[in-house]
Amino acid sequence: MAVENVSHTLLNWYDRHARQLPWRTPPGSNLRPDPYAVWMSEIMLQQTTVAAVIPYFEKFMARWPTVAALAAADDTDVMTAWAGLGYYSRARNLLACARTVVERHDGHFPPDESVLLALPGIGPYTAGAIAAIAFGLPATVVDGNVERVVSRLYAVNIPLPAARAELRRLTAGITPAVRPGDFAQAMMDLGATVCAPRAPRCLGCPLSVHCRAHAAGTADAFPVKPAKRARPERRGTAFWIERDGHVLLVTRPARGLLGGMRALPTTDWVDKDADGLSETLPGQWQVASTAVRHIFTHFALTLDVAMGNAPHPEMPGEWWPVDNLHEAGLPTVFAKAAAAALAEREQPC
DNA sequence: AAGCCGTGGCA
DNA sequence: TTGCCAAGGCT
């Protein structure tokens, strides 16, 4: 279908329905947003809801207002500030990217999609989004929303992820040369508020007249997705080791799950059916009566919390004041474990 | 190239 | 309660 039909209709809708967001300028504005703010928001928004991002975006922009300020920040301060937002490799890449921009690009984000793509943490979607939104370049921007909107618009029967190439080609076909940033954001707003994953509101959709899936009455059948595998169950034990008003924290290895984050010491987390070792813990421990339950992307965890005193006078890690534990930047699973330990401590048995 | 990588809201 | 999913990137 013609570029003008879809893009003009969508931009008209966006002019009236654009959401006000802290990193946005108004639709049709001649003012372009700060590329640093665009980049910050796009990294935070990767697989993360707008509602979850907003307070973190405000906090980061207030504390590190420029890419130079962020590049000069301590790693631990950035990881701590990111705590709770999830996907912690993003925080490490955020810092690496800021430092690369300062050192290799004179403190300015490059107005070039392929150069952006080479920066840490910036993939095809984010490179296109920054190019279009911050620099007004005619990039093809495809995120999960756009995949859904376009797969319905053209009733694409190929299942994801094999459909990606076709969806990108179709998106490029409707991307206008004018207002590419507004077009990208309009597609994402439409996907978030109208062309929703479940129960799409086709009655209020400006594109329904162009939409093949709507014509067939099967909008909610797209995009076609493969069946997903069952989520494994794992279990483990976290240790609340307290001495003189302080609790022992460790820093997890930089790579892997919760990489680079402060944590309670733990056993390995093993498959639920594996041979147990909880009955062979050395020393004397009081195990919290209620285990912590936490769902990660690719496994579910049941975590016992074992409380005790330091078995050895010197242990590797940080002795963190219990009264200031909220400032340690613990990922949510360990914040839950700490809460369980503290509840148990105040009401033993 | 398919698996890894968090969290919270919602039906 | 359980499953689904959200502005993906990295290896």
Side-chain angles (χ1 to χ4, degrees), chain A residues 18-19 21-24 37-57 79 82-94 96-97 116-134 139 141-149 159-162 164-165 168 171 181 183-193 195-200 220 223 225-234 252-261 263 269 292-301 329-336:
Chain A
R19 291 183 292 175
L21 299 172
W23 46 87
R24 267 190 188 172
V38 174
W39 166 73
M40 180 73 73
S41 69
E42 291 300 344
I43 301 300
M44 289 183 167
L45 285 163
Q46 288 168 3
Q47 297 291 288
T48 308
T49 58
V50 167
V53 163
I54 286 175
Y56 284 85
F57 176 82
M79 299 309 288
W82 196 277
L85 194 56
Y87 285 139
Y88 297 98
S89 66
R90 292 185 297 171
R92 288 228 168 274
N93 285 329
L94 187 84
C97 183
L116 288 164
L117 186 58
L119 292 167
I122 296 182
Y125 161 72
T126 304
I130 295 173
I133 298 168
V141 180
V142 185
D143 75 329
N145 288 304
V146 176
E147 286 181 350
R148 184 170 57 256
V149 171
L160 289 172
R164 294 251 152 82
R168 182 172 188 83
T171 304
F183 177 78
Q185 292 176 97
M187 290 286 279
M188 294 188 281
D189 272 21
L190 188 76
T193 64
C195 195
R198 287 172 295 196
D220 59 357
K225 292 187 175 180
K228 50 174 187 356
R229 341 180 306 227
R231 196 192 309 272
E233 287 283 346
R234 296 182 188 170
R252 294 172 64 88
R255 301 193 172 247
L257 188 72
L258 309 174
M261 301 300 289
W269 298 344
V292 167
R293 179 75 175 166
H294 192 77
I295 310 299
F296 292 95
T297 302
H298 60 292
F299 67 93
L301 177 67
L330 292 179
T332 298
V333 62
F334 292 113
K336 288 183 186 176

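Any value given below was found using the heavy atoms of this structure, including those in side chains, with hydrogens, waters and symmetry copies removed. So that the names make sense, note that chain A is the first sequence line, chain B the second, and so on, each numbered from 1.
- Between the C1' atom of C:dG3 and the CZ atom of A:Phe299 lies a distance of 18 Å, rounded to the nearest Å.
- Taking the six-membered ring where the residue is Trp, A:Trp269 and A:Phe334 present tilted rings, their angle falling between 30° and 60°.
- Proximity of A:Arg92 to the phosphate of C:dC10: no side-chain N or O atom is located under 4.0 Å from OP1 or OP2.
- The side-chain heavy atoms of A:Met188 and A:Val146, taken from C-beta on, include a pair separated by under 4.5 Å.
- Between the P atoms of B:dG6 and C:dT11, the separation comes to 14 Å (whole Å).
- To the nearest angstrom, P of C:dC10 lies 13 Å from CG of A:Leu94.
- Once you apply a 4.0 Å limit to the heavy atoms of chain A, the touched nucleotides of DNA chain B run 5' to 3' over B:dG3 to B:dG8.
- The residue A:Thr48 sits close to a base: some heavy atom pair falls under 4.0 Å.
- In this structure, CD of A:Glu42 is placed 11 Å from P of C:dA7, rounded to the nearest angstrom.
- At least one side-chain heavy atom of A:Glu147 sits under 4.5 Å from a side-chain heavy atom of A:Leu160.
- Across all strands, A:Ile130 comes closer than 4.0 Å to no nucleic acid atom at all (heavy-atom distances).
- Each of A:Arg255 and A:Ser41 lies near DNA chain C, and the nucleotide nearest A:Ser41 is the one positioned closer to the 5' end.
- Atom CG in A:Leu257 sits roughly 15 Å away from atom C1' in C:dC10 (whole-Å rounding).
- Nucleic acid contact class of A:Gly191 (heavy atoms, under 4.0 Å, all strands): none.
- Contacts of A:Val53 with the nucleic acid, taken as non-hydrogen atoms under 4.0 Å apart, are absent.
- Residues passing the salt bridge (Lys or Arg N to Asp or Glu O under 4.0 Å) test with A:Arg92 are A:Asp75, sequence neighbours excluded.
- Inter-residue side-chain proximity for A:Ile54 and A:Trp23 is flagged as met; some heavy-atom pair is nearer than 4.5 Å.
- Aromatic ring centres of A:Phe296 and A:His298 lie farther apart than the 6.0 Å criterion allows.
- Atoms CE (A:Met40) and C1' (C:dA7) sit 16 Å apart, rounded to a whole Å.
- In the model, A:Gln46 has no side-chain atom that pairs as donor or acceptor with a side-chain atom of A:Tyr125 under 3.5 Å.
- Between A:Arg148 and C:dA6, a side-chain N or O to OP1/OP2 separation shorter than 4.0 Å is present.
- C:dA7 sits 22 Å from B:dG3 when the C1' atoms are compared, rounded to a whole Å.
- Rounded to whole Å, the distance from CG on A:Asn145 to P on C:dG8 is 7 Å.
- Rounded to whole angstrom, the span from the CD atom of A:Gln46 across to the P atom of C:dG8 amounts to 7 Å.
- One atom, CD1 of A:Ile295, and another, P of C:dA6, lie 19 Å apart when rounded to the nearest Å.
- Under the rule for a salt bridge (Lys or Arg N to Asp or Glu O under 4.0 Å), A:Arg90 has no partner lying at least two apart in sequence or in another chain.
- Closest to the side chain of A:Trp23, out of C:dA7, C:dC10, C:dG8, is C:dA7.
- The residue among A:Pro161 and A:Arg231 whose nearest nucleotide of DNA chain B lies closer to the 5′ end is A:Pro161.
- Between A:Val50 and A:Gly121, it is A:Val50 whose nearest contact on DNA chain C lies nearer the 5' terminus.
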